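For reference, positions follow the sequence shown, starting with 1. Every heavy atom of this structure was used, including side-chain atoms; hydrogens, water molecules and symmetry mates were not. In this text the structure is predicted, and so the values were computed from the model without any measurement.
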Amino acid sequence: MQPYFHIKREQIRRLHIEHYTRLSGQFHFHSHIELMLMEEGRATAWIGDTAEALHAGEIAIVPSYATHQFHAAQDTVKCTDLFIPTFLCPDFMEAVANKRAVHPVIRNDAATAKIKAAIAELEREDLNPVEQMGYLHVILGTVLRYISFENGGPDENTDLPARILLYVNEHFKEELSTEQIAHAMGYSSNYLAERFRSGFHIGISRYINTVRLKNALTLLREKKKNITECAMESGFSSLRTFYRVFTQELGCTPREYLKNE
């Protein structure tokens with residue numbers, strides 16, 4: 001099964017929590033850090049190339065852009081999912097840069113209790129921003145204490161797709177193509193495209209457009225610029241291309257999207 005880039009998840013630019021009683025989603029990836037707390041039942045967590053059994057009282061950690069899927073072992077479960085945009089935790093991102101989790105599941109009762117209590121506090125409606133960041137630091141600090149990370153190493157087979165992601169995220173507002181990225185990185189365009197698709201099961205061109213779309217959605221929601229300005233400032237070469245990508249990924253036009261906001 002091919003993972004897909006979860007563009008709708010990318011639209012949420014804040015810390016958010018979801019509760020599930022069923023787990024049957026497709027393989028996918030997004031830029032958020034994800035913590036899956038299994039409260040009742042059991043499931044299998046596929047994270048990258050690792051499959052882990054996830055039991056009640058355990059927490060799975062999904063790094064930014066890691067392909068993943070959770071599948072419950074029975075019809076109903078009880079779990080809590082915390083999604084953390086990476087811009088909220090630069091210190092954590094720096095600490096785990098170029099590293100991979102040896103086993104991405106916390107199986108320590110004290111650690112689980114601490115994280116569960118912090119998530120419960122994050123759901124309070126009267127929480128102020130400083131308190132929110134405090135509980136977030138407790139959660140991610142606990143992850144760093146109880147999850148072992150090792151250097152990913154310089155192997156281009158694992159590192160190159162991630163480098164392409166970073167390059168696109170830094171240059172998507174410019175004129176950008178697979179050929180230009182390949183030239184900047186010193187590879188042939190065919191090799192670069194093959195490595196990226198094998199890592200994320202999405203073409204480079206489509207990924208560039210989804211990153212541009214994500215930025216355009218942020219500008220549209222701010223309602224300070226018109227549709228054309230949002231498209232052009234996000235790197236789209238024409239309004240026609242913007243409308244095509246928008247409809248393809250979200251199933252509606254920009255005007256229809258704004259009416260529902």
Side-chain angles (χ1 to χ4, degrees), residues 6 9 12 14-25 27-86 88-152:
H6 203 319
R9 179 78 62 206
I12 305 174
R14 57 178 173 77
L15 193 72
H16 62 291
I17 299 168
E18 297 180 5
H19 300 279
Y20 300 112
T21 57
R22 293 181 181 274
L23 294 174
S24 58
F27 269 106
H28 64 283
F29 64 99
H30 46 69
S31 66
H32 296 62
I33 300 164
E34 181 176 348
L35 276 71
M36 171 67 78
L37 167 61
M38 182 64 62
E39 298 181 77
E40 295 178 8
R42 55 192 177 89
T44 300
W46 282 275
I47 302 172
D49 57 0
T50 301
E52 297 274 356
L54 190 62
H55 299 90
E58 298 178 343
I59 301 174
I61 315 300
V62 182
S64 175
Y65 287 112
T67 56
H68 60 284
Q69 179 191 42
F70 297 98
H71 186 77
Q74 61 269 356
D75 289 339
T76 60
V77 295
K78 181 181 179 183
C79 53
T80 298
D81 220 355
L82 171 65
F83 299 92
I84 307 169
T86 54
L88 290 177
C89 52
D91 293 341
F92 178 84
M93 294 302 296
E94 182 178 352
V96 301
N98 301 317
K99 296 181 180 180
R100 61 179 292 274
V102 178
H103 296 290
V105 176
I106 292 177
R107 295 190 169 96
N108 179 280
D109 290 343
T112 295
K114 181 181 289 188
I115 291 175
K116 183 177 181 179
I119 292 175
E121 291 294 327
L122 287 173
E123 292 193 278
R124 283 173 36 207
E125 294 183 359
D126 63 341
L127 202 67
N128 65 53
V130 176
E131 288 177 311
Q132 181 186 78
M133 292 306 299
Y135 290 120
L136 182 58
H137 280 113
V138 168
I139 291 169
L140 294 178
T142 304
V143 169
L144 288 176
R145 179 174 294 276
Y146 287 93
I147 295 288
S148 296
F149 290 88
E150 62 181 13
N151 291 328

Asker: What is the distance from atom CD1 of Ile59 to atom OG1 of Thr80, rounded to the nearest 0.5 Å?
Answerer: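 It is 9.5 Å, given to the nearest 0.5 Å.
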
Asker: Donor-acceptor pairs under 3.5 angstrom involving side-chain atoms of residues 108-120: please list them, not counting sequence neighbours.
Answerer:
residue, atom, partner, partner atom, Å
Asn108, OD1, Ala110, N, 3.0
Asn108, OD1, Ala111, N, 2.9
Thr112, OG1, Gly57, O, 2.8
Thr112, OG1, Asn108, O, 3.2

Asker: Determine whether Leu144 and Phe149 satisfy the following criterion, side chain to side chain contact (heavy atoms under 4.5 Å, CB included), listing intermediate values before the conclusion.
Answerer: CA-CA 8 Å; Leu144 288 176; Phe149 290 88; 4.1 Å; yes

Asker: The test is side chain to side chain contact (heavy atoms under 4.5 Å, CB included); show your working for Asp75 and Arg22 and say whether it passes.
Answerer: CA-CA 7 Å; Asp75 289 339; Arg22 293 181 181 274; 4.3 Å; yes

Asker: Kindly write out the residues that satisfy salt bridge (charged side-chain N to carboxylate O under 4.0 Å, His left out) with Arg107, not counting sequence neighbours, or none if the list is empty.
Answerer: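 Result, salt bridge (charged side-chain N to carboxylate O under 4.0 Å, His left out) vs Arg107: Glu52, Glu58.
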
Asker: Relative to the ring of Trp46, is the ring of His71 parallel (under 30°), tilted (30 to 60°) or perpendicular (over 60°)?
Answerer: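 Ring orientation, 0 to 90° scale: tilted.
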
Asker: What pairs with His19 under ring pair (Phe, Tyr, Trp, His ring centres under 6.0 Å), at least two apart in sequence or on another chain?
Answerer: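 Here no residue qualifies.
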
Asker: For Glu34 and His32: C-alpha separation, side-chain torsions, deciding distance, then whether side chain to side chain contact (heavy atoms under 4.5 Å, CB included) applies.
Answerer: CA-CA 6 Å; Glu34 181 176 348; His32 296 62; 5.7 Å; no

Asker: With side-chain hydrogen bond (donor to acceptor under 3.5 Å, both in side chains) as the rule and sequence neighbours excluded, what pairs involving residues 132-145 come up?
Answerer: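 Matches after skipping sequence neighbours: Glu121-Tyr135.
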
Asker: Can you tell me how far CD1 of Ile61 sits from CE of Met36, rounded to the nearest 0.5 angstrom?
Answerer: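 The distance works out to 11.0 Å.
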
Asker: Taking salt bridge (charged side-chain N to carboxylate O under 4.0 Å, His left out) as the definition, give me every residue that meets it alongside Glu40, ordered by chain and number, with sequence neighbours left out.
Answerer: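 Expected list: none.
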
Asker: Using 0.5 Å steps for rounding, measure from the CG atom of Leu136 to the CG atom of Leu122.
Answerer: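 That separation rounds to 7.0 Å.
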
Asker: Provide the closest heavy-atom pair for Ser31 versus Ser64 in the form atom of the first, atom of the second, distance.
Answerer: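 Shortest heavy-atom contact: O-OG, 2.6 Å.
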
Asker: Calculate, to the nearest 0.5 Å, the distance between atoms CZ and SG belonging to Arg42 and Cys79 respectively.
Answerer: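 Output value for this atom pair is 14.5 Å.
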
Asker: Are any of the side-chain heavy atoms of Pro85 and Ile12 separated by less than 4.5 Å?
Answerer: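 Heavy-atom side-chain distance check fails, nothing below 4.5 Å.
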
Asker: Are the side chains of His55 and Met38 in contact, using a 4.5 Å heavy-atom criterion?
Answerer: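 Counting from C-beta outward, Met38 and His55 never come under 4.5 Å.
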
Asker: Does the side chain of Ile84 reach to within under 4.5 Å of the side chain of Leu35, using non-hydrogen atoms?
Answerer: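 Touching, per the 4.5 Å side-chain cut-off.
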
Asker: Grab the two heavy atoms, one from Ile47 and one from Pro104, that are nearest each other, plus how far apart they are.
Answerer: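 Residues Ile47 and Pro104, closest heavy atoms: CD1-CG, 3.9 Å.
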
Asker: Report the relative orientation of the aromatic rings in His68 and Phe70; use parallel for angles under 30°, tilted for 30 to 60°, perpendicular for over 60°.
Answerer: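 Rings of His68 and Phe70: perpendicular, over 60°.
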
Asker: Donor-acceptor pair, His30 side chain versus Phe83 backbone, under 3.5 Å?
Answerer: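 A pair under 3.5 Å: no.
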
Asker: Side chain to side chain contact (heavy atoms under 4.5 Å, CB included) between Leu37 and Leu82: does it pass, once the steps are laid out?
Answerer: CA-CA 8 Å; Leu37 167 61; Leu82 171 65; over 6 Å; no

Asker: What's the spacing between Met133 CE and Asn128 CG if we round to 0.5 Å?
Answerer: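 Here the interatomic distance stands at 12.0 Å.
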
Asker: State whether the number of non-hydrogen atoms from other residues, nucleotides or ligands found under 6.0 Å of Arg124 atom CZ is greater than 12.
Answerer: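 Correct, the count exceeds 12.
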
Asker: May I ask you to test the Cys89-Met93 pair for a side-chain heavy-atom distance under 4.5 Å?
Answerer: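 Sidechains of Met93 and Cys89: in contact.
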
Asker: With sequence neighbours left out, write down each residue that passes ring pair (Phe, Tyr, Trp, His ring centres under 6.0 Å) with Tyr65, or none if nothing qualifies.
Answerer: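 Once residues adjacent in sequence are excluded, Tyr65 has no partner under the ring pair (Phe, Tyr, Trp, His ring centres under 6.0 Å) criterion.
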
Asker: Minimum heavy-atom separation for Leu23 to Ala43, with atom names?
Answerer: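 Closest pair (atom of Leu23, atom of Ala43, distance): CD1-CB, 4.1 Å.
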
Asker: Check whether any side-chain heavy atom of Phe92 lies under 4.5 Å from a side-chain heavy atom of Ile33, and answer yes or no.
Answerer: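 Yes, side chains in contact.
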
